[in-house]
Amino acid sequence: MKKLTKNNHSFKKSKKGIYKKVAVIGCGYVGLTSGICLANIGHRVICVDNDETKIKSLISGKIPIYEPGLEDLMKKVTSIKTGPRLEFSNSLEYAIKESEIIFVAVGTPSNPDGSADLSYVENVARTIALNIDEYKLVVEKSTVPVQTADWIKTTINRYKKNNIEFDVASNPEFLREGSAVKDFMFPDRIVIGVETERAKKLMLELYEPIKAEKIVVDTKSSELIKHASNSFLAMKISFINAVANVCERTGADIEKVALGMGLDKRIGRSFLNAGIGYGGSCFPKDVKAFIWISQNIGYDFGLLKEVEKVNQTQRKLFIKKIEETLWILKDKKIGVLGLAFKPDTDDIRESPAIDVIKILKEKGAKLKVYDPKAMEKFKVIFPDLEYCKNVYQVVENSDCLIFLTEWDEFKKINFKKVKQIMSQAIILDGRNMFSPEKMKKLGFVYKSIGRE
Ligand code: UDX
């Protein structure tokens, strides 16, 4: 595997040879990436999950998710001559007893009312309390509402059968799917929320090999940094999507507006890409949870409610654009390119493609779909779509082609060939992947977001 480097400084192992015994509870995107990367920087890690199939797959060397570079890194740390630094288990008790630092990286899905479901977190806290036999540092890795660390501490004290000491820390993760390994190994910052000097020392030693700014704060501030950061990024996306709607009514070009805005260092160009809105397992959930937490402590976070509303409206406006172009959708052959919530992942959670395809199906359109990685997961929700092997199978004889995920593969499409095999040369681009002038010159009716 290509050596992990950034600006040609190859990665430095912990000089002091300090390695920690770490358990990571929950083998999802965050838990698995964190566990493998912590092993990669020299620690001994046990990754735990209650899904036996997932554990068996991991033990066999297979990663059950698509995440560039993660499987290679796992193979590297499990084949170390001095013995594997990474093991997988379905026994929470074993991992707790064998480790000093215990990362809680279990799911915190949304409840119907928008609050975070913390039952998995509470279950881990209780199990730790029943198995604590020496000092433990329990670390929140999952995105959790502010004050959760206090609840974990209360729970462990309540169920503990002895008076062995422990600490609770918060260490939120900022990795993005598709660049998870890079984001973990070369983060903009590492946020450490602790209440004791002992916990602070342990966490700083744990992350010593990672050369990045580390900020040490209290647990509540650390928990809020995560929710506030994700909510701000979601707000940035909804803001540019709202401006795109103004562009559509005034003849301005959203790409040029985003360029001009982004050159202001206080704004920055990233996360100003207008499109059909954000999806994924984090932004939608975290915005909802932040709204709920705020409501719960007596603050009406209206700004975030609007962020959510703009995001949901973007999907509807895209469907409207398809109808304005095609008129009747019933029996129209529509080719759909891109199903994942973003490129370089197989994840379809809250993907805009789910909403768009649901509505197109309801309106009687005949759909052919293709995505480089996400079709297997999409088949679970929509088994009766026509899943194609490649772009051109989708394009053939279609009345319209819509782009929902900006995979690099789609940027290499031969549009001259596309034009010959489509039945109507109509393209709707939900991610502003192509140049309107070029597409029109090729003879397409081409529509995108926030520009002519
Ligand atoms: C996000 C945060 O970026 C990450 O820090 C956090 O740890 C987890 O949640 P992720 O959800 O993996 O990461 O993907 P991200 O790259 O942030 O994109 C989220 C969604 O926003 C995607 O649906 C993407 O298509 C959309 N997006 C992103 C836009 O619509 N416009 C943009 O400019 C950027």
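We count ligands from 1, going down the list as the structure has it; atoms in each ligand are counted the same way. Worth saying up front: this structure is predicted, and the values here are computed from it rather than measured.
Counting the atoms of ligand 1 from 1 in the order shown, those under 4.0 Å from a heavy atom of Cys282 are 8 (C), 9 (O). Residue contact check: Glu173 has heavy atoms under 4.0 Å from atoms 7 (O) of ligand 1.
Under a 4.0 angstrom heavy-atom cut-off, Gly280 registers as lying outside contact with ligand 1. In this structure, Gly279 counts as a contact residue of ligand 1, since one of its heavy atoms falls inside 4.0 Å of the ligand. The shell of residues lying under 4.0 angstrom from ligand 1, judged by heavy atoms, includes Lys226.
A donor-acceptor pair is defined here as one N or O able to donate and one able to accept, closer than 3.5 Å; no such pair exists between the side chain of Asp355 and the backbone of Arg315.
Scanning the protein for heavy atoms near atom 34 (C) of ligand 1, the closest one is Phe271 CD2, 3.7 Å. Here the heavy atom of the protein found nearest to atom 14 (O) of ligand 1 is Lys342 NZ, 3.1 Å.
Considering backbone and side-chain atoms alike, Phe174 places an N or O below 3.5 Å from some N or O of ligand 1. Of the polar atoms of Arg431, at least one N or O is found under 3.5 Å from an N or O of ligand 1, judged by distance alone.
Under 4.0 angstrom from ligand 1, the non-hydrogen atoms of Asn273 come from both its backbone and its side chain.
Legend: residues meeting side chain to side chain donor-acceptor pair (under 3.5 Å) with Asn171, ordered by chain and number and at least two apart, are Lys141, Tyr207.
Between Tyr29, Phe341, Phe283, it is Phe341 that holds the heavy atom closest to atom 11 (O) of ligand 1.
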